[in-house]
Number of protein chains: 2
Amino acid sequence: MLSFTEENYLKTIYHLSDSGAKAVLTNEIAEAIQTKPASVTDMVKKLAIKNLIAYEKYYGVKITRQGKTEALTIIRKHRLWETFLVEKLGFNWGEVHDVAEQLEHIQSPLLIEKLDEFLGFPSADPHGHPIPDKNGKFKVARQIPLAEAIGKKAIVRAVKNSSPSFLDYLSKIGVYIGASLHVLAKMDFDASLEIQIDGKKKVYISKEASENILVTE
Amino acid sequence: MLSFTEENYLKTIYHLSDSGAKAVLTNEIAEAIQTKPASVTDMVKKLAIKNLIAYEKYYGVKITRQGKTEALTIIRKHRLWETFLVEKLGFNWGEVHDVAEQLEHIQSPLLIEKLDEFLGFPSADPHGHPIPDKNGKFKVARQIPLAEAIGKKAIVRAVKNSSPSFLDYLSKIGVYIGASLHVLAKMDFDASLEIQIDGKKKVYISKEASENILVTE
DNA sequence: TAAAAAGTTTAGATTACCCTAAAAAAATAA
DNA sequence: TTATTTTTTTAGGGTAATCTAAACTTTTTA
Ligand SMILES: [Mn+2]
Ligand SMILES: [Mn+2]
Ligand SMILES: [Mn+2]
Ligand SMILES: [Mn+2]
């Protein structure tokens, strides 16, 4: 069984590696986990001994199949709990991440299966992120940043950034998962976009914001 | 903020002290927490420095007002989570304790307030144990062990022992919180009882069992 | 009430995780 | 290609929580 800390490292490595695709560097992990590179080197050796990652000195770290399975279990739990907090307890989508960071470490396969069932086997969390099933399988949707949908109509599917400040901003201007956005114009000056939400309200959003809204056409 | 371990010590001390009434000895704590007396001495000093307990060498430990407040917060969380697991997720009453031991350490006052509301502000958990409100207040019911209700009719209000084996046994013979029990006879031989459940099924239960079922007349 | 037993504390280690500072390797620039 | 900068690792320590063994205190027994 993995410790709380080991689970956090593994999950972070999984995310940084683009779902296991690429190697992850010591400093990236240190930055993401808010710790020092020396601490990362220590932990990375430990995870390598447990066969969760492959570690090559000075080169970086690659997640193994076994490590990926563990990481996906944690991510599944995180996203199921976020869904619970929003759907059942009435949390806002910007309030759930920190609590889910704690809840994801609760050890009880039965609990997770029952929670999944209670929620109706959701396929995505409140931020549009896919929830792996109990075997770690999930659908990868073809989504593009809103910034690449100039002149088009698109449906909001997910957010790339889940920070409370960004989510609060989206709520404030009326953008939500499932909203229909029409990208009316892109400003030459700063690449900001003029969009129309659900055929009604028109607003301007920054380039930064437009890159963190994921849509399908 | 208290660590996971500190919270467990404090909660255990509260329970062993009869809600703060009496002093608790080092070996009792060690036994309850499944650790060595030497470890208890260390931790007890730490909790005393934080003013959660009063510690007197070789004499034992008494919980302070501040310690009681902290302990009741943890107990509140434990019992709310147990209620959630049974009422919403369909767990059996014997399956919830170990999971609640983990969930009780999640730090989020907002989560607990919302969970409480979601559950309809329950006053007791699945084992009939009172759930303190957000100020640590709860009703202490006058309950007696079934063993002391010879010849009488009584309603099951709580269990004294929450072990899965005892709870499974109760479920199997048809005893549950709220059941009406008529104590028909007490056997001289071994103090076992003949009881009738809800005016129907008659069963014999051991002295041990009869002491762990709490009822009101 | 003195000796034995039981209970408790102290001393000294161990493990997990994290840190700073110095050394080593790799990447980049001159 | 050598020198400089950046990245990573190693060395050496610190804290929280645990343990064993030895010392000390209290309680019980004889
Ligand atoms: Mn999240
Ligand atoms: Mn999410
Ligand atoms: Mn319990
Ligand atoms: Mn309970």
Side-chain angles (χ1 to χ4, degrees), chain A residues 1-18 22-63 67 70-71 74 101-102 104-107, chain B residues 1-18 22-63 67 70-71 74 101-102 104-107:
Chain A
M1 225 202 55
L2 300 180
S3 73
F4 184 98
T5 310
E6 289 170 329
E7 288 195 343
N8 279 334
Y9 270 88
L10 202 58
K11 186 188 58 162
T12 300
I13 291 167
Y14 177 85
H15 284 311
L16 291 173
S17 72
D18 226 329
K22 61 178 196 198
V24 182
L25 305 176
T26 300
N27 274 5
E28 289 182 79
I29 300 171
E31 163 70 22
I33 242 161
Q34 289 286 82
T35 187
K36 303 293 164 184
S39 305
V40 173
T41 301
D42 282 352
M43 179 55 85
V44 135
K45 285 177 184 168
K46 243 181 70 177
L47 293 175
I49 287 168
K50 296 192 178 189
N51 265 301
L52 297 163
I53 58 177
Y55 167 55
E56 207 177 317
K57 252 175 141 182
Y58 292 104
Y59 164 76
V61 125
K62 266 192 158 168
I63 200 156
E70 291 287 350
I74 302 159
E101 284 291 305
Q102 298 180 62
E104 71 188 7
H105 301 289
I106 301 291
Q107 303 289 354
Chain B
M1 224 200 58
L2 300 180
S3 72
F4 184 97
T5 310
E6 289 169 329
E7 288 195 343
N8 278 335
Y9 270 88
L10 203 58
K11 186 188 55 159
T12 300
I13 291 167
Y14 177 84
H15 284 310
L16 290 174
S17 73
D18 226 328
K22 60 178 197 197
V24 182
L25 305 176
T26 300
N27 274 6
E28 291 183 76
I29 300 171
E31 162 69 21
I33 241 159
Q34 289 286 83
T35 187
K36 303 293 166 185
S39 306
V40 173
T41 300
D42 281 352
M43 178 55 84
V44 135
K45 285 177 183 168
K46 246 181 69 178
L47 293 175
I49 288 168
K50 295 191 179 191
N51 264 300
L52 297 162
I53 58 178
Y55 167 56
E56 206 179 317
K57 251 177 144 183
Y58 293 105
Y59 164 75
V61 126
K62 265 194 159 167
I63 198 154
E70 291 287 348
I74 302 159
E101 284 292 303
Q102 298 179 62
E104 71 188 8
H105 301 288
I106 301 292
Q107 302 290 354

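At whole-Å resolution of the value, OH in B:Tyr9 and P in D:dA16 are 14 Å apart. D:dT8 atom P lies 13 Å from atom CD of A:Glu56, rounded to whole Å. Rounded to an integer number of Å, the gap from B:Met1 CE to D:dA16 P is 14 Å.
For the OP1/OP2 pair of C:dC19 and a distance below 4.0 Å, the side-chain nitrogens and oxygens of A:Thr35 include at least one atom meeting the criterion.
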Got a list of side-chain donor-acceptor pairs under 3.5 Å for residues 22-44 of chain B, not counting sequence neighbours?
unit_1, atom_1, unit_2, atom_2, d
B:Glu28, OE2, B:Leu25, N, 2.8
B:Thr41, OG1, B:Pro37, O, 3.2

Self-check item: Criterion side-chain contact (heavy atoms from CB on, under 4.5 Å) on B:Val61 and B:Leu47, from CA distance to verdict
Solution: CA-CA 10 Å; B:Val61 126; B:Leu47 293 175; over 6 Å; no
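Residues from residues 37-45 of chain B placing a heavy atom under 4.0 Å of any atom in DNA chain C, listed by number, are B:Pro37, B:Ala38, B:Thr41, B:Lys45. Residues of residues 23-34 of chain B having a heavy atom closer than 4.0 Å to DNA chain D: none are found.
For B:Glu104, the salt bridge (Lys or Arg N to Asp or Glu O under 4.0 Å) partners two or more places apart in sequence, or in a different chain, are B:Lys11.
Using a 4.0 Å heavy-atom criterion, one finds that A:Tyr55 contacts the sugar-phosphate atoms exclusively. Nucleic acid contact class of A:Phe4 (heavy atoms, under 4.0 Å, all strands): none.
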Exercise. Summarise protein proximity over nucleotides 22-27 of chain C in one line of letters, 5' to 3': B for base, S for sugar-phosphate only, - for none, counting protein heavy atoms closer than 4.0 Å.
Key: --BSS-
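Looking at heavy atoms from C-beta onward, B:Ile63 lies in side-chain contact with B:Leu10 at the 4.5 angstrom threshold.
To the nearest 0.5 Å, the span separating CD on B:Glu7 from CG on B:Leu2 amounts to 5.5 Å. Rounding to the nearest 0.5 angstrom, the gap separating the CD atom in B:Gln107 from the CZ atom in B:Phe4 is 11.0 Å. Note: A:Ile13 CD1 to A:Ile53 CD1 = 4.5 Å, rounded to the nearest 0.5 Å.
For residues 47-63 of chain A, the salt bridge (charged side-chain N to carboxylate O under 4.0 Å, His left out) pairs, not counting sequence neighbours, are A:Glu6-A:Lys50.
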